[in-house]
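Contents: one structure, followed by commentary.
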Amino acid sequence: MRCPVCKKPSAPATRPFCSKRCKDIDLARWLGGGYAIAGGPAETAEDGTPEIPEGVPGDDDERG
């Protein structure tokens with residue numbers, strides 16, 4: 001298996017990465033928004049604002 005960051009052979013201690021450095025680079029990419037998980041288009045209300053599904057914490061109905 002090759003390191004997903006630098007393509008060198010991975011090391012058992014840091015698998016799938018070759019080193020702690022590449023492991024940290026990958027984490028920084030996730031935290032910085034460099035990676036994204038694809039999703040469907042967001043649903044919007046008629047006025048163009050995002051809809052909040054029922055039962056989601058923070059919904060006005062739950063606060064009373």
Side-chain angles (χ1 to χ4, degrees):
M1 177 177 232
R2 299 237 174 237
C3 175
V5 176
C6 70
K7 308 301 183 221
K8 291 180 183 176
S10 65
T14 55
R15 192 172 219 154
F17 306 99
C18 68
S19 65
K20 183 175 180 333
R21 178 182 178 272
C22 283
K23 191 175 179 179
D24 290 342
I25 288 170
D26 184 72
L27 178 61
R29 287 178 182 169
W30 275 105
L31 296 175
Y35 296 134
I37 299 172
E43 293 187 25
T44 57
E46 289 180 20
D47 64 359
T49 58
E51 285 189 3
I52 299 174
E54 289 186 33
V56 174
D59 192 358
D60 290 339
D61 294 339
E62 285 192 17
R63 286 187 244 161

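Computed from a predicted structure; not experimentally measured.
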Can you name the one residue among Cys22, Pro16, Pro9 that meets side-chain contact (heavy atoms from CB on, under 4.5 Å) with Cys3?
Cys22
Fellow cluster residues of Met1, listed by chain then number, with links counted only when side-chain atoms sit under 4.5 Å apart:
none
So salt bridge (Lys or Arg N to Asp or Glu O under 4.0 Å) across residues 6-19, not counting sequence neighbours, yields none
Within residues 23-40 or reaching into it, pairs that qualify as salt bridge (Lys or Arg N to Asp or Glu O under 4.0 Å) - sequence neighbours excluded:
Lys20-Asp24
